[in-house]
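Along the sequence shown, residues carry numbers from 1. No hydrogens, no waters, no symmetry mates; every other heavy atom, side chains included, goes into these values. For ligands, and for the atoms within them, numbers begin at 1 and follow the listed sequence. Quick caveat: nothing in here was measured; it's all calculated off a predicted structure.
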Amino acid sequence: MVLEKVNSPEDLKALDWDELLALAEEIRSEIIRVTAQNGGHLASSLGAVELILALHRVFDSPRDKILFDVGHQAYAHKLVTGRKHLFHTLRKEGGISGFTKVSESPHDAITVGHASTSLANALGMAIARDLQGEDHHVVAVIGDGALTGGMALAALNKIGELGKRMLIVLNDNEMSISENVGGLNRYFKELQIRKWVQDMEKLGRHILEQISPRLFSLVDRAKEAAKLVLHQENPFYAWGIRYVGPVDGHDLKGLVHILQHLKELEGPTLLHVVTKKGKGYKVAEADPIYWHGPPGFDPKKPEKVSKGYTWSQAFGDAVTELAHMEPRLFVITPAMREGSGLVRYAQEHPERFLDVGICEDVAVTTAAGMALKGMKPIVAIYSTFLQRAYDQVIHDVAIESLPVVFAVDRAGLVGADGATHHGVFDLAYLRTVPNVEIAAPKDALELRAMLKQALARPNPVFIRYARDNVEKAPEGVWPEIPWGRWEVLKEGTEVYLLAFGKTLAYALEAAGDDPRVGVVNARFLKPLDREMLKELARYKLLTVEDHQKMGGFGSAVLEALNEMGLKAEVRVLALPDRFFEHGAIPSLHRQAGIDPEGIRKALAELGIAPVHER
Ligand SMILES: CC(=O)c1sc(CCOP(=O)(O)OP(=O)(O)O)c(C)[n+]1Cc1cnc(C)nc1N
Ligand SMILES: [Mg+2]
């Protein structure tokens, strides 16, 4: 096994070509083996194996900085940078992260999980390098999906102007999670049609090299010069960035050869490599969407597994039906069609569906434009990615109180994707914004009610739900709920649990049939149900939420009690002021103390000892 001989990128340089090619296959098998057990970003990482080996063969990490955008395609990077013995812990609690992470390895140049950040990071490192008089290389690997992100394009604009020496490797597999979108994506496809030119060039290069390396380099420079003329329409040239490609991202020898050349060049260069997402694993090549991030699977008989009926699907089913009832309804997703449960909706209402690419800011402000024209836009967006569009929420939607509905998926702790993906800040950053309303349904029926009623609200509405399964609601059923009102699910004589969203089930479990403990479905955070709160203030209160404590639901309750001049004994159960790493959701909830056990403990602290201890 060649992988046994590789404990650092240095060891790659000692391998001969056959060993390097064998290593690529061994790495592929290891990625499949571990992802089959742990789940993870299989197709993206399989597609980047040769590219990563070539980069580590030519550059000297960690002295040279190799940055991976999103970081989900970097499993081969982890395997050759001293973590092969830890790779089986991938995405497991206490194990290595599924993305690159500075605190995990000196070879991980940036901590990532959100897209489009690598280029600005690389620019910063290149500027710092030059100011510090150092001469290491800075290389950023960015996918075609991540390149649809505004901050990536803005960084390119600056990179071209400053002309710092750095290498950008565009890993173009024509896929984001779904098929990739955007004008640049179309342009790349055209370039790839010119791939036959590339292949001819490769043949020509091979012949020239045999004749005379000097002649080859002369012709190579002439070609570069010619490209400057031919590629005038090439946006990278317009930005001031040298463009090289497209080249075969699985031709390990060819990649090493090109990278060795590009390494010597001054200024910013973009190498456009074309890869196959899922390369080397038939099912993943055939369906890179499902195999982008599969849960565990049988590597010998890889089949799709159903994750059960989820909140995302409940949302997708509801909006698909709603669109038949409301012709002004329009759904926008920032590159998360599958994740947000919109595959069926997009098939049934293609004319009222838009995937803007990985640009949440554009998603929100496009919705604002639609609302200004009388449409009923719904932005389907993960809580964590909504962070990317905070100013757009305020500036483009809330100030004019535009009727935009936000279906905020993956709210709360999300599990194996870890700190970069937990959706635990949205209540704090949203509830301070005037004109908005915020709600969390207890089940799929309430989600349907909230969505339908939200469409009639004259202001922005955020409906938040967790990464979780939920019982399917019958089609065609549209219950009505009293907007802004909470719901008492269980009376109590001494204390009330005010539970928001996901934690309601935990509250009901903790309360059990204890007559002292009441449970409220506190389904509205803004507006808060002050009338009921006033009623309940004479009891002890315990708020529970899957969100940071600071600024969350509990904070809102405390502020309201204070404003109403009410004295009540209140405990706030929420996430402490730290980041939560990756792990199984129930375990993370246990760590945070918002699970039934944590609630019972808090009740005991309020003097409500468990029934069996009375
Ligand atoms: C992991 C994750 O959350 C991924 S990976 C991915 C596709 C990236 O496509 P790219 O072409 O860059 O890479 P490829 O998979 O190799 O084709 C998306 C949209 N997401 C979700 C997402 C959404 N929005 C933002 C800001 N960041 C992320 N990471
Ligand atoms: Mg891609």
Side-chain angles (χ1 to χ4, degrees), residues 31 35 39-49 51-52 67-77 91 97-100 110-120 140-153 168-182 184-185 188-189 192 249 272-279 284-285 288-294 332-340 355-364 379-390 392 409-410 414-423 467 582:
I31 288 172
T35 314
H41 293 99
L42 175 68
S44 311
S45 282
L46 287 176
V49 171
L51 173 58
I52 288 171
L67 292 71
F68 292 95
D69 204 286
V70 184
H72 67 310
Q73 77 289 59
Y75 292 176
H77 162 79
R91 295 162 54 90
S97 162
F99 305 94
T100 61
I110 50 175
T111 295
V112 278
H114 283 196
S116 319
T117 65
S118 64
L119 302 187
V141 178
I142 185 166
D144 54 308
L147 195 60
T148 60
M151 70 178 289
L153 300 173
I168 299 159
V169 181
L170 166 59
N171 174 20
D172 179 8
N173 53 22
E174 297 182 49
M175 295 298 291
S176 185
I177 296 178
S178 326
E179 301 79 7
N180 199 8
V181 295
L184 261 183
N185 176 52
F188 294 150
K189 283 192 201 309
Q192 288 187 43
H272 179 186
V273 301
V274 176
T275 60
K276 177 85 181 145
K277 193 160 183 177
K279 178 79 176 176
E285 288 190 17
I289 294 179
Y290 176 81
W291 296 96
H292 167 86
I332 299 173
T333 176
M336 301 305 284
R337 178 185 66 198
E338 283 72 19
S340 296
D355 175 354
V356 293
I358 311 180
C359 42
E360 288 75 8
D361 45 0
V362 172
V364 172
V379 178
I381 191 164
Y382 285 22
S383 165
T384 186
F385 301 138
L386 179 57
Q387 291 160 195
R388 277 284 173 87
Y390 187 40
Q392 287 71 23
D409 199 337
R410 287 0 183 238
V414 295
D417 280 337
T420 54
H421 282 60
H422 294 318
R467 174 185 192 141
H582 47 279

Do the ring planes of Phe99 and His41 sit parallel (below 30°), tilted (30 to 60°) or perpendicular (above 60°)? tilted
Test your reading of the model: is there a side-chain donor-acceptor pair from Asn185 to the backbone of Asn180, 3.5 Å cut-off? yes
Between Thr275 and Asn171, is there a side-chain donor-acceptor contact under 3.5 Å, judged purely by atom types and distance? yes
Which residues satisfy the ring-ring contact (aromatic ring centres under 6.0 Å, His included) test with Tyr75, sequence neighbours excluded? Phe87
Is the His72 ring parallel, tilted or perpendicular to the His292 ring (thresholds 30°, 60°)? tilted
Any sub-3.5 Å donor-acceptor pair from Asp69's side-chain atoms to Ser116's backbone N or O? yes
Under 2.8 Å from the Mg ion (ligand 2), which protein N/O/S atoms are there? Asp144 OD1, Asn173 OD1, Met175 O
Determine whether a donor-acceptor pair (N or O, by modelled atom type, separation under 3.5 Å) exists between the side chain of Thr100 and the backbone of Ile110. yes
Set of residues satisfying side chain to side chain donor-acceptor pair (under 3.5 Å) with respect to Asn173, sequence neighbours excluded: none
Do side-chain atoms of Lys279 reach the backbone of Ala284 as a donor and acceptor pair under 3.5 angstrom? no
Contact residues of ligand 1 with a heavy-atom cut-off of under 4.0 Å? His41, Ser44, Val70, His72, Phe99, Gly113, His114, Ala115, Gly143, Asp144, Gly145, Ala146, Asn173, Met175, Ser176, Ile177, Lys277, His292, Ala335, Met336, Ile358, Glu360, Phe385, Arg388, His421
